[in-house]
Amino acid sequence: MLGSARRAAGGRGAGAEAGAMADKYVPGELEAKWQRTWAERGLFRAADLPGADKFYLLEMFPYPSGRLHMGHVRNYAIGDVAARFHRMRGKAVLHPMGWDAFGLPAEQAAMERQLDPKQWTFDNIDEMRRQLKLLGLTYDWDRELATCVPEYYRWEQLVFVRMLERGLAYRRKSLVNWSDALQTVLANEQVIDGRDYKLGEPVVQRELEQWFLRTTAYAERLLAGVEALAGAWPERVLLEQRARIGKSHGTEIRFPLEQPAGGTSELLVFTTRPDTLFGVTFMSLAVEHPLALELARGGGRESEVRAFVDRTRNDLRRMRADELTKDGVFTGAYCTNPATGGRVPIFIANFVLMDYGTGAVMAVPAHDQRDFEFARKFELPIKVVIAPPDGTRLDPATMDCAYVEEGRQVNSAQFDGLPNSEGMQRITAWLAERGQGGATVSWRLRDWCVSRQRSWGCPIPVVHCAACGVVPVPEAELPVVLPPDLAFDVRGGNPLARHPTFPNIACPKCGGPGRRETDTLDTFVESSWYFLRYCDPQWDQAPVRHDRVAAWMPVDQYIGGIEHAVGHLMYARFYHMVLKDLGFLPASVPDEPFARLLTQGMVCKETYFTPDENGNPVWHYPEEVEDGKSKVNGAPVTVGRIEKMSKSKRNVVGLEAFVERYGADTARLFTLFAAPPEKDLEWRDEGVEGCWRFLARVWRITNEAAEAVRAAPATLPPGELPPRWQALRRLVHQTIRRVTRDIDGRFHLNTAVSAIMELTNALADAGVPEAADPARSDCGPEPAGDPTAGPAVRREAVLTLLRLLSPFAPHLCDELWQRIGQTGTVLEAGWPAFDEAAAAEEVLTVVVQVLGKLRGQLRVPPDATREQVVERAQAEPNVARFLEGKKIVKTVFVPGKLVNFVVK
RNA sequence: GCCGGAGUGGCGGAACUGGCAGACGCGCCGGACUCAAAAUCCGGUGGGCCAAAAGCCUGUGAGGGUUCGAGUCCCUCCUCCGGCACCA
């Protein structure tokens with residue numbers, strides 16, 4: 001409104017481009033212009049070797065699906081605020097972006113649409129990069145990398161060969177999650193409720209030869225790292241990692257076998273309850289236990305056991321733990337309890353896990369619920385060895401569940417009477433003395449299965465030779481490059497294995513006929529070191545360049561989705577330690593690659609649906625809904641739950657259409673303002689409008705002030721400012737403090753935006769003197785005193801506003817920066833300096849309470865004494881009213897905050 | 001089942017280490033501008049008592065406790081979300 005009035009008055013010429021644009025905030029052209037400028041000036045390029053003031057900021061790189069969604073926008077907007085903030089504060093910032101480019105979707109596209117996975121991937125990358133660039137993010141595109149090129153994955157092959165040499169990579173038969181639908185093995189993280197993460201088809205257990213990385217060898221170090229990251233990573237992630245590592249202290253006990261079997265004369269068990277050793281009444285072995293069939297053969301029950309094992313394996317394919325009832329079979333074999341010398345029958349049980357502990361469990365039905373259920377079913381004896389502290393007598397005949405609490409040892413020979421916690425230690429020590437066991441540690445963490453029967457992944461660089469076994473490809477012959485001509489016309493199976501020449505190779509050792517490994521590596525291997533590669537992505541001498549990595553690592557702030565809490569974040573920590581141990585990293589690099597972690601919440605939105613003929617929901621896009629009815633089928637629409645944006649629920653907001661309408665700055669601001677970063681965000685169109693309005697308001701206010709700011713002196717007049725301007729200046733500096741604190745470390749970006757909004761409101765209230773806006777009659781006349789005070793303070797306020805807002809809405813701020821006569825970009829201008837004295841309040845509000853209830857307020861100078869404040873507080877009429885006729889028994893005084901009279 | 005986290009206006013969310021609950025935004029109500037609308041601007045907005053204001057009462061999932069003072073600390077319970085789930 002003001003702009004048009006001025007234009008009419010000023011009669012601006014056609015050449016005054018800036019003025020013509022002053023009318024309305026139109027982000028489209030403006031954003032493109034500044035993105036061009038930034039790129040041309042190379043503003044986001046990181047130094048090769050930064051000094052001590054480096055800041056490595058990283059967002060988890062995306063899979064190039066071809067479509068950027070609002071979840072990405074949120075992730076990258078959060079990161080970009082931090083990147084711009086640290087840059088403005090003078091840090092050397094590394095802020096790279098790349099592509100997690102291997103993976104199943106490319107192969108599926110190849111199978112379904114006969115596309116070349118490489119072509120498909122690079123087309124997607126181009127498309128996603130284009131969309132990403134619309135957002136004005138501060139990436140150093142010179143460091144862009146894609147994991148699917150030999151220049152990247154070759155180094156994984158080298159590392160794999162070295163790991164093989166050190167026994168950190170190995171091959172073994174193992175039960176794995178096999179997806180028929182996807183024709184591959186899946187990691188545990190990729191299996192959700194017995195179904196694959198991708199198509200939701202059933203996953204079965206199969207025994208296959210697989211490649212593993214020995215994560216278990218690093219369990220202790222991974223756990224130590226978790227403890228060290230306390231405070232720097234979200235507690236939730238640390239908890240999940242700690243649970244996954246699952247360290248538990250216990251005791252290893254040897255039970256001599258009556259008849260040696262399978263080359264051994266004893267059965268080794270792991271228990272956390274050695275105190276219950278005297279209560280053992282049977283043994284339970286896992287179905288896959290190597291001695292299972294051997295013992296049965298000796299016990300004369302081979303066929304029964306074999307039948308049970310076969311049957312149970314089928315069960316285990318699908319069933320979840322809680323749907324599986326306890327079942328088992330007697331092997332016919334016995335062992336001896338080393339404590340009592342008693343005879344213990346050995347069973348195979350369906351609930352015993354082979355890959356935890358030793359795969360054999362000493363069963364104490366009186367004090368373990370699972371053993372109790374098993375014993376009841378097979379009518380096995382129950383022997384109580386722990387007595388409850390309350391004196392209750394446990395009777396095996398009538399117990400309906402196991403007693404698992406603390407108590408005193410009973411029926412335990414020389415240990416009787418001890419508290420069971422002490423019994424644990426004493427029995428363990430006693431076993432150790434007699435060579436029958438001892439204290440040990442068990443881990444829940446498993447080795448990392450990295451084999452994938454897929455062709456769009458990093459080939460595992462080994463050769464199988466009938467004579468020499470597994471032979472690594474010699475380092476000089478690396479990389480093993482994926483053949484370009486894979487056939488995807490056959491559904492299922494690995495096209496690499498079917499390739500006419502790829503599998504054929506002579507054994508590197510003996511020259512005889514060999515077969516190349518056709519499994520590829522899990523894509524989590526690529527994402528386990530990409531952050532190192534960014535330090536010099538072109539380096540062709542080694543996976544990473546020492547001096548660069550030494551200069552940039554660790555990542556100072558890592559940002560990504562909570563779904564990677566254990567998978568990616570555990571693998572990357574492990575791999576990073578391995579690289580360090582193998583000498584690929586300089587020793588100065590710390591064990592932990594990610595110094596701080598932020599896990600951002602999901603972007604959610606309301607869903608709309610109508611029921612189909614079977615009552616199942618049919619989801620609708622918001623634009624298909626009109627007046628509460630579906631435009632598709634005319635039925636009344638139900639508003640569904642607020643759920644994560646997804647194509648299947650049709651509750652997505654298209655990025656490009658959005659940016660076209662509102663601009664990238666509004667997209668960024670909204671995702672940052674609507675919720676704190678770590679919480680889920682609900683997308684609401686009204687909220688978007690609010691952010692848009694705010695930016696338009698900044699636009700208007702700044703443009704209105706532009707001429708005055710240009711003309712204003714750059715320094716404040718000496719001496720005291722008139723109160724009105726001093727108040728504005730105080731708010732300016734308080735806002736600098738708040739926004740700085742909110743961004744730095746705390747990541748309360750939503751409150752940082754609030755603070756900036758408050759400053760904007762104050763700036764609007766401070767008014768534009770030459771605009772005699774009747775609606776702003778409260779502005780009052782320009783106060784007396786130095787006439788340059790007002791313009792100078794307002795100039796500082798406008799400059800500060802743009803500086804504080806620029807990490808959130810960089811395009812708008814740079815444009816306005818230029819319009820108020822500043823050169824360059826806000827990024828280069830730097831973060832505003834904070835002046836403690838200017839931020840200090842000269843009058844404090846002290847609240848007065850009587851018996852804890854608010855009865856009045858006082859405005860007092862900061863240096864007021866207790867006596868002065870208390871005296872004035874008592875004189876407040878409303879306070880006096882409540883003090884009348886009462887006796888003050890205590891006066892609480894919190895300087896600058898409150899007075900509380902306790903009366904009787 | 002076990003281990004975490006969270007419950008604050010009509011809504012998203014603020015409240016640093018116990019000190020004015022509800023910042024900021026949305027929505028809503030009233031007003032200005034306009035022929036009108038949109039946009040914009042100004043004011044109001046937890047609930048209750050009171051004609052209104054002043055003022056008072058009440059209020060952060062429920063109940064108890066500690067404290068001069070509790071959204072914040074402690075105990076019990078309820079609800080929701082997340083993780084793990086035969087880990088011996």
Side-chain angles (χ1 to χ4, degrees), chain A residues 1-2 24 234-244 246 248 250-251 269-273 276 284 286 320-322 324-326 349-353 355-364 367-371 373-374 442-446 562 565-566 670 673-676 679-691 693-694 696-697 700 738 741-742 746 748 750-758 760-761 764-765 773-778 845-857 877-878 881-882 889-894 896-903:
Chain A
M1 183 190 71
L2 250 162
K24 232 185 140 201
E235 195 49 41
R236 184 182 154 191
V237 175
L238 297 178
L239 270 159
E240 284 179 36
Q241 294 227 346
R242 211 176 281 127
R244 173 62 56 93
S248 68
T251 304
V269 305
F270 171 80
T271 181
T272 53
R273 292 296 302 274
T276 63
S284 308
R320 292 186 24 190
D322 53 356
L324 209 64
T325 49
K326 304 277 173 295
N350 65 347
F351 60 89
V352 179
L353 303 174
D355 45 7
Y356 183 76
T358 64
V361 182
M362 63 176 218
V364 187
H367 306 293
D368 182 285
Q369 187 57 28
R370 294 155 301 188
D371 297 341
E373 287 168 33
F374 195 88
S442 190
W443 303 88
R444 175 176 279 196
L445 189 70
R446 311 282 151 84
I562 187 72
V566 273
F670 176 73
F673 177 61
K679 279 188 65 175
D680 286 351
L681 176 154
E682 187 194 338
W683 189 276
R684 290 181 72 235
D685 294 335
E686 297 90 340
V688 171
E689 285 288 342
C691 288
R693 271 204 294 269
F694 168 68
R697 190 166 140 89
R700 211 174 327 107
R738 280 176 69 186
R741 232 188 351 224
D742 281 351
R746 249 166 60 113
H748 287 198
N750 55 329
T751 55
V753 174
S754 295
I756 296 168
M757 285 174 169
E758 284 178 61
T760 307
N761 291 342
D765 289 344
D773 188 337
R776 291 193 192 144
S777 54
D778 62 315
T845 303
V846 170
V847 297
V848 185
Q849 299 178 336
V850 179
L851 278 174
K853 285 187 197 270
L854 182 66
R855 298 302 178 194
Q857 293 190 347
N878 199 44
R881 203 151 70 80
F882 283 91
V889 292
K890 188 176 175 184
T891 303
V892 180
F893 175 72
V894 181
K897 285 260 164 83
L898 105 172
V899 178
N900 187 13
F901 296 110
V902 185
V903 297

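Letters go in sequence order (proteins before strands), and every chain restarts at 1. Computed from a predicted structure; not experimentally measured.
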Polar pair under 3.5 Å, donor/acceptor by atom type, side chain A:R738, base B:C16
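No, no donor-acceptor pair under 3.5 Å.
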Establish whether the base of B:A88 is bridged to the side chain of A:R370 by a donor-acceptor pair shorter than 3.5 Å.
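Between B:A88 and A:R370, which were checked side chain against base, a qualifying N/O pair under 3.5 Å is present.
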Nearest to the side chain of [X], heavy atoms from C-beta on, is which of [options]?
X      : options             : answer
A:R446 : B:G19, B:C87, B:G27 : B:C87
A:K890 : B:C57, B:C68, B:A15 : B:C68
A:R444 : B:A15, B:C84, B:C11 : B:C84
A:V892 : B:C41, B:A14, B:C68 : B:C68
A:M757 : B:C26, B:C24, B:C56 : B:C24
A:A675 : B:C24, B:G13, B:C16 : B:G13
A:T271 : B:U58, B:G13, B:A88 : B:A88
A:E240 : B:C86, B:G25, B:G83 : B:G83
A:K853 : B:G19, B:C87, B:C57 : B:C57

Would you name the heavy atoms of [X] and [Y] that are closest together and state the gap between them?
X      : Y      : result
A:N761 : A:R697 : OD1-NH2, 2.6 Å
A:F882 : A:N878 : CD1-O, 3.1 Å
A:V753 : A:F673 : CG1-CD1, 3.5 Å
A:D680 : A:A675 : O-CB, 3.7 Å
A:T276 : A:R273 : OG1-O, 2.7 Å
A:F670 : A:R684 : CZ-N, 3.6 Å

May I ask which nucleotide in the shown strands pairs with [N], Watson-Crick or G-U wobble, both distances under 3.5 Å?
N     : value
B:C41 : B:G31
B:C49 : B:G55
B:A36 : none
B:C84 : B:G1
B:C11 : B:G25
B:U79 : B:A6
B:C16 : none
B:U67 : none

Between [atom2] of [N] and [atom1] of [X], the distance in whole Å:
X      : N     : atom1 : atom2 : result
A:F673 : B:C26 : CZ    : P     : 8 Å
A:D680 : B:G82 : CG    : C1'   : 10 Å
A:R242 : B:C2  : CZ    : C1'   : 16 Å
A:W683 : B:C26 : CH2   : P     : 16 Å
A:R244 : B:G83 : CZ    : P     : 12 Å
A:E682 : B:G13 : CD    : P     : 8 Å
A:D765 : B:U40 : CG    : C1'   : 15 Å
A:D742 : B:A15 : CG    : C1'   : 12 Å

Taking [M] as the reference, what is the distance to [N] when you measure between their [atom1] atoms (whole Å, please)?
N     : M     : atom1 : answer
B:G5  : B:C75 : P     : 12 Å
B:C16 : B:U66 : C1'   : 23 Å
B:U45 : B:G10 : P     : 15 Å
B:A39 : B:A52 : C1'   : 35 Å
B:A36 : B:G43 : C1'   : 23 Å
B:G71 : B:U58 : C1'   : 16 Å
B:A21 : B:C33 : C1'   : 37 Å
B:U76 : B:A23 : C1'   : 34 Å

By the 4.0 Å heavy-atom rule, please label [X] as base, sugar-phosphate, or nothing.
X      : answer
A:N878 : sugar-phosphate
A:F882 : sugar-phosphate
A:V902 : sugar-phosphate
A:A243 : nothing
A:G357 : nothing
A:R741 : nothing

With RNA chain B as reference, determine whether A:V894 or A:M362 sits nearer its 5' end, using the nearest nucleotide of each.
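Its nearest nucleotide being more 5', the pick is A:V894.
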Reading RNA chain B from 5' onward, which residue's closest nucleotide shows up sooner: A:E689 or A:V352?
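Counting from the 5' end, the first nearest nucleotide belongs to A:E689.
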Using only atom types and a distance under 3.5 Å, with no angle test, would you say the side chain of A:N350 pairs donor to acceptor with the backbone of A:T325?
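Present.
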Strictly distance-based, threshold 3.5 Å: is any side-chain N or O of A:R244 a donor or acceptor partner for the main-chain N or O of A:V566?
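Not at all, since once roles are kept as given, no pair shorter than 3.5 Å links the two residues.
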Provide a list of protein-nucleic acid N or O atom pairs under 3.5 angstrom, restricted to nucleotides 3-5 of chain B.
none

[N], OP1 or OP2 - any side-chain N/O from [X] closer than 4.0 Å?
X      : N     : result
A:S248 : B:A88 : yes
A:N750 : B:A23 : no
A:R855 : B:C57 : yes
A:H748 : B:A15 : yes
A:K24  : B:A39 : no
A:K679 : B:G13 : yes
A:N761 : B:A23 : no

Does the pair A:V237 and A:I562 meet the rule for a side chain to side chain contact (heavy atoms under 4.5 Å, CB included), with working shown?
CA-CA 8 Å; A:V237 175; A:I562 187 72; 3.8 Å; yes
Could you run down the sub-3.5 Å N/O contacts of the protein with nucleotides 20-22 of chain B?
residue	atom	partner	partner atom	Å
B:C20	O2	A:Q857	NE2	2.9

Identify whether the glycosidic angle of B:G9 places it syn (within 90° of 0) or anti.
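Syn, angle within 90° of zero.
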